[in-house]
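Accompanying notes for the structure given below.
Throughout, numbering of the chain's residues begins at 1 and tracks the sequence. Note that the structure is a prediction, hence the values are computed from the model and not measured.
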Amino acid sequence: MTLHEIETRLSAAGVDSPRFDALELIVHFENISRATALVGGDFQSLALQDAVERRCRREPLAYILGQWDFMGHTFDLSPDCLIPRSDTELLCALLVRELPDGGRFADLCTGSGCIAIAALLARTDAQGVGVELYPDTLKVARKNARRHGVDTRLELLQGDVCTMELSGTFDWIVSNPPYVTKAEMDDLSPEVLLEPAHALTDGGDGLAFYRNIFARYPKYLKPGGFLAVEIGWQQGKAVCSIALAAGLSPVILQDLEGRDRVVMCK
């Protein structure tokens with residue numbers, strides 16, 4: 001198969017970025033550079049052929065590759081994990097920038113661990129705690145922590161953020177919780193629908209985790225501490241109302257496209 005042939009097949013299958021995906025598959029499964037892949041050739045490995053078939057069935061590229069990039073670092077992934085998105089880098093960058101020297105933070109619904117691990121890589125003075133409900137997802141987070149050498153500074157706990165208790169206090173608590181509404185799930189792409197539903201939606205109005213987090217977790221903040229959550233771009237007003245009702249002072253931060261993306265509370 002040539003690059004053009006793979007791109008054509010992916011395009012016919014409805015893949016949004018067929019050339020990018022074709023190049024990623026060739027580079028990964030043929031173990032060659034992007035420049036070599038662009039020069040062209042006939043790629044015949046069985047692993048590549050299988051990967052192309054999977055992508056044509058709209059399996060997410062990140063799951064086929066078994067890894068994805070976030071904040072300039074590569075993280076191992078499995079279908080048990082939500083795929084890291086560039087939107088979430090705003091929350092991680094905020095944590096990196098504002099965490100005080102020698103600070104301690106908690107990452108609720110940590111998933112692959114990408115937020116906590118990327119923050120610890122940028123802030124070698126910091127300590128973190130990650131909380132994840134699902135054991136198979138937590139295994140991936142532990143693998144990523146070891147891969148990036150932060151496992152001694154990141155305590156990973158299995159538990160339900162809606163019921164569990166934490167130990168100690170934190171300068172920052174962050175979370176990218178499930179916030180897609182039940183109605184919005186019907187409009188998601190085939191790729192997104194293959195990600196774990198429990199990491200996408202609360203099965204209702206998309207606000208359940210915010211209600212719980214704002215009600216339960218301020219008690220774990222140190223004086224002057226902050227709690228910040230990623231939100232859907234239409235949820236700013238609703239999430240701020242929940243925060244205000246919990247006695248917090250919310251501020252909405254926007255992403256590079258000017259959409260509401262993070263609510264930060266003191």
Side-chain angles (χ1 to χ4, degrees), residues 78-84 88 91-92 94-95 99 103-117 119-120 126-145 151 153-185 195-223 225-232 235 238-250 262-266:
S78 80
D80 298 298
C81 302
L82 190 72
I83 298 170
T88 306
L91 179 62
C92 187
L94 178 68
L95 174 62
L99 188 71
R104 183 174 187 246
F105 68 87
D107 176 25
L108 310 177
C109 307
T110 196
S112 65
C114 63
I115 295 175
I117 293 167
L120 290 172
Q127 300 280 333
V129 173
V131 180
E132 173 57 47
L133 175 60
Y134 296 92
D136 289 338
T137 308
L138 197 62
K139 288 179 183 178
V140 178
R142 295 190 191 281
K143 183 178 180 181
N144 280 320
D151 48 311
R153 293 189 291 126
L154 178 61
E155 181 182 8
L156 289 166
L157 306 174
Q158 183 185 347
D160 186 344
V161 301
C162 295
T163 58
M164 74 178 300
E165 298 292 330
L166 298 180
S167 297
T169 55
F170 302 87
D171 299 284
W172 274 75
I173 296 175
V174 299
S175 183
N176 177 21
Y179 58 71
V180 179
T181 69
K182 182 179 180 181
E184 289 171 335
M185 289 292 289
E195 296 185 62
H198 59 254
L200 292 166
T201 182
D202 60 8
D205 65 359
L207 302 172
F209 279 82
Y210 302 121
R211 296 186 185 99
N212 183 279
I213 289 171
F214 291 144
R216 298 188 71 252
Y217 287 91
K219 67 182 180 182
Y220 294 108
L221 290 174
K222 296 178 182 179
F226 287 86
L227 193 161
V229 293
E230 181 175 323
I231 63 170
Q235 294 177 318
V239 174
C240 283
S241 294
I242 296 169
L244 286 167
L248 302 172
S249 301
V262 168
V263 169
M264 179 179 70
C265 305
K266 187 171 184 178

Inset, instruction - Taking the side chain as every heavy atom from C-beta outward, state whether Leu94 and Met264 have any pair of such atoms under 4.5 Å apart. - result: yes

Legend entry - Polar side chain donor-acceptor pair, Tyr179 to Glu230, under 3.5 angstrom: yes

Legend entry - Candidates Phe105, Trp172, Phe170 - the one meeting side chain to side chain contact (heavy atoms under 4.5 Å, CB included) with Phe226: Trp172

Inset, instruction - For the pair Tyr210 and Phe214, name the ring-plane relationship: parallel under 30°, tilted 30 to 60°, perpendicular over 60°. - result: parallel

Inset, instruction - Kindly indicate whether the side chain of Cys162, heavy atoms from C-beta on, has any atom under 4.5 Å from the side chain of Asn212. - result: yes

Legend entry - Rounded distance [0.5 Å steps], CD1 in Ile117 versus CG in Leu120: 8.0 Å

Inset, instruction - Output yes when Arg211 and Asp205 qualify as a salt bridge under the 4.0 Å nitrogen-oxygen rule, no when they do not. - result: yes

Inset, instruction - Would you indicate whether the side-chain heavy atoms of Leu244 and Pro250 approach each other to under 4.5 Å? - result: yes

Inset, instruction - Check Arg104 against Thr169 and note the closest heavy-atom contact, atom names and distance. - result: NH1-O, 3.0 Å

Legend entry - Lys/Arg-Asp/Glu bridge criterion (N-O < 4.0 Å) met for Asp171, Lys222: yes

Legend entry - Identified side chain to side chain contact (heavy atoms under 4.5 Å, CB included) partner of Ser175 from the options Leu227, Val131, Val229, Ile115: Val229

Legend entry - Minimum side-chain heavy-atom gap Met164-Asp160 below 4.5 Å: no

Legend entry - For Asn144, side chain to side chain donor-acceptor pair (under 3.5 Å) partners two or more places apart: none

Could you pull out every donor-acceptor pair under 3.5 Å between side chains of residues 132-140 and any protein atom, sequence neighbours left out?
residue: Glu132; atom: OE1; partner: Gly111; partner atom: N; Å: 2.9
residue: Glu132; atom: OE2; partner: Tyr134; partner atom: N; Å: 3.2
residue: Thr137; atom: OG1; partner: Asp80; partner atom: O; Å: 2.8

Legend entry - Side chain proximity check, Asn176 to Cys109, heavy atoms < 4.5 angstrom: no

Inset, instruction - Can you measure from CD1 (Ile213) to CD1 (Ile242) and round to the nearest 0.5 angstrom? - result: 10.0 Å

Inset, instruction - With the side chain counted from C-beta on, respond yes when Thr110 and Leu156 share a heavy-atom pair under 4.5 Å apart, and no when they do not. - result: yes

Inset, instruction - Measure the shortest side-chain to side-chain distance between Cys265 and Ser249 over non-hydrogen atoms and say whether it is less than 4.5 angstrom. - result: no

